[in-house]
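This report concerns only the one structure given below.
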2 protein chains.
Amino acid sequence: MSATHSHTHSRAHRDPECLLCQALERARDRGLRQTAALEDVLRMLIEAPTPLTLADVASSPKLASKADRATVYRLLTKLEKLGIIRRLGLHDRAAYYTMIFPGEHNDYLVCTECGRIDRLAIECPVEELEAQIAKQSKFTRLYHELMFFGVCPKCA
Amino acid sequence: MSATHSHTHSRAHRDPECLLCQALERARDRGLRQTAALEDVLRMLIEAPTPLTLADVASSPKLASKADRATVYRLLTKLEKLGIIRRLGLHDRAAYYTMIFPGEHNDYLVCTECGRIDRLAIECPVEELEAQIAKQSKFTRLYHELMFFGVCPKCA
DNA sequence: ATACATGCAAACATTTTGCTTTGGC
DNA sequence: GCCAAAGCAAAATGTTTGCATGTAT
C-alpha cells in the first residue's frame with residue numbers, strides 16, 4: 001500500500017471471522033436464511049478495502065463466489081434494505097456496495113479518470129450538520145455520503 | 001414551494017438570459033460551436049432547480065429540447081469535460097447533471113424511496129477539509145459532493 | 001412440508017459508438 | 001471548404017425479473 005493510499009483500516013484490527021459471524025447473525029435475525037451464497041457475499045464485502053460492485057462480487061476472476069449474478073444481486077438488494085450494507089452512488093455506471101460497521105463512517109476519494117477509490121482516514125465534519133438536517137427535513141433513516149473527486153497523480 | 005423544500009435559489013436572483021450568455025461564451029471560448037442544441041441544453045440546466053438526467057434534457061414531454069438523445073449525450077459529456085457542468089452520482093441508475101456556477105456550491109438531500117431531490121441551503125463545512133486533502137493526495141481538479149439520503153415524510 | 005433461495009435466461013434501462021449528413025466558422 | 005456537430009440506428013453495459021428447481025428451516 002503506497003503512502004498516498006494509506007488510510008486506517010479499523011476493521012483490519014478486528015477478527016474477520018468474528019465480523020462475518022456477527023453479520024450472518026444480523027442477517028438471520030432479520031429473516032434471511034443462512035446459505036453459502038450469503039456467507040460468500042458477506043465475506044467478500046467484509047474483507048474488501050473499498051466498496052465493490054455487483055460484478056466484483058459475482059464474477060471477479062479469483063474472489064468470485066460461485067453464486068450466480070442474479071443471486072448476488074438479490075442478496076445485495078436484500079442486505080441493503082435490511083440496513084446491513086450500503087449502496088453508494090459513485091460515478092461509475094455500476095452501483096457500489098460496502099458493509100455498514102456500526103459506529104464507523106467512511107468517506108471516499110475517487111479518481112474521475114481511472115475510477116480508483118481510496119478510503120479516507122478523516123474526521124468527518126458533517127455529523128452535526130446531519131442531525132440538524134434530520135430535524136428540519138423530517139426525513140427518517142438519514143445518512144450522508146461525502147465524496148471527493150479529482151484526477152489522481154497517475155492520470156494527471 | 002413548501003417549507004421543507006425551501007432553499008435559497010441564488011441563481012433566481014440573477015438574470016437568466018445573462019447566465020445563458022455567459023455559459024455560451026464560456027463554451028465557445030473552450031472550443032464548442034454555438035448551435036441550437038447547445039443553447040437548449042444550457043438553458044434547461046440553468047433554469048432547472050435541481051440536477052437533470054440525460055432523459056430529462058433530451059426527451060421530457062414538455063421541457064425537451066428537440067435535439068436527439070445522442071446529441072444531448074455528447075454535449076453533456078463535452079460540457080462536463082470542459083468544467084462547465086458537473087455530473088453527479090446520485091442513487092438513481094441515471095447520471096444527473098447540473099451547472100457549475102463559479103463560487104456556488106450545492107449539497108443535496110435525496111429520498112431513497114421516491115428519488116425526490118432537494119437542494120440544501122447550508123453552509124458546507126467541507127471546504128477546508130478539501131484543501132487539506134488536495135495537498136495530501138496530490139489529486140488535481142479536486143471537488144466534493146455531499147449528499148444526504150433518507151426517507152422523505154411522504155414515503156415514510 | 002413449506003416457503004424462501006437459487007440458476008438460467010430473457011427483458012429492461014441507460015449509456016455509448018459508428019456512420020452519414022448538416023451546418024458553424 | 002473544412003471540420004465539428006447532429007441525427008439515426010445499433011451495440012454495449014449493467015440492472016431487474018420470470019420461472020422452474022433446490023434447500024434451509
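Source: prediction; values computed, not measured. These values consider heavy atoms only, across backbone and side chains, with no hydrogens, waters or symmetry-generated copies. Lettering of chains follows the sequences in order, A, B, ..., and the numbering in each one begins at 1.
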Specify the separation, in whole Å, of atom CG of A/Leu76 and atom P of C/dT6. 11 Å
Please give me every residue in residues 88-96 of chain B whose heavy atoms get under 4.0 Å of an atom in DNA chain C, ordered by residue number. B/Arg93, B/Ala94, B/Ala95
A/Arg74 or B/Ala55, whichever maps to the more 5' nucleotide of DNA chain C: A/Arg74
Member of B/Glu123, B/His144, B/Glu130, B/Glu127 meeting the side chain to side chain donor-acceptor pair (under 3.5 Å) criterion with B/His105: B/His144
Does the side chain of A/Thr98 come within less than 4.5 Å of A/Tyr108's, by heavy atoms? yes
From OG (A/Ser137) to CD (A/Gln132), nearest 0.5 Å: 10.5 Å
B/Leu75 CG to C/dT16 C1', straight-line distance once rounded to whole Å: 15 Å
DNA chain C contacts made by residues 29-37 of chain A, counting heavy atoms under 4.0 Å: A/Leu32, A/Arg33, A/Thr35, A/Ala37
Tell me: CZ of A/Arg28 to P of D/dA24, nearest whole Å? 12 Å
Euclidean distance, atom CG of residue B/Asp68 to atom P of C/dT16 [Å, nearest integer]: 15 Å
Taking the side chain as every heavy atom from C-beta outward, state whether A/Thr50 and A/Asp118 have any atom pair closer than 4.5 Å. no
Assign the ring pair A/His91 / B/Tyr143 to parallel, tilted or perpendicular, where the plane angle (0 to 90°) is split at 30° and 60°. tilted
Whole-Å gap separating P (D/dC8) and NZ (B/Lys66): 15 Å
Ion pair present between B/Glu104 and B/Arg119, side-chain N to carboxylate O less than 4.0 angstrom? yes
Under 4.5 Å between side-chain heavy atoms, hopping through other hydrophobics if needed: is there a path connecting B/Leu52 to B/Leu19? yes
Can you find a side chain N or O atom of A/Lys78 that sits less than 4.0 Å from OP1 or OP2 on C/dA5? yes
Closest-nucleotide 5' rank along DNA chain C - winner of B/Ala70 and A/Ala70: A/Ala70
State, to 0.1 Å, how close A/Tyr97 and A/Leu45 come at their nearest heavy-atom pair, and which atoms those are. O-CD2, 3.6 Å
From C-beta outward on B/Tyr73, which listed nucleotide comes closest to its side chain: C/dT17, D/dA5, D/dT15? C/dT17
How long is the line joining CD of B/Glu39 and C1' of C/dG23, in whole Å? 15 Å
Indicate yes or no: at least one non-hydrogen side-chain atom of A/Leu120 is less than 4.5 angstrom from one of A/Phe148. yes
To the nearest angstrom, the CZ-P distance between A/Arg69 and C/dA11 comes to 18 Å
Find the distance B/Leu38:CG to C/dG23:P and express it as a whole number of Å. 16 Å
Verify the contact: side-chain N or O of B/Thr71 to OP1 or OP2 of D/dG7, cut-off strictly under 4.0 Å; return yes or no. yes
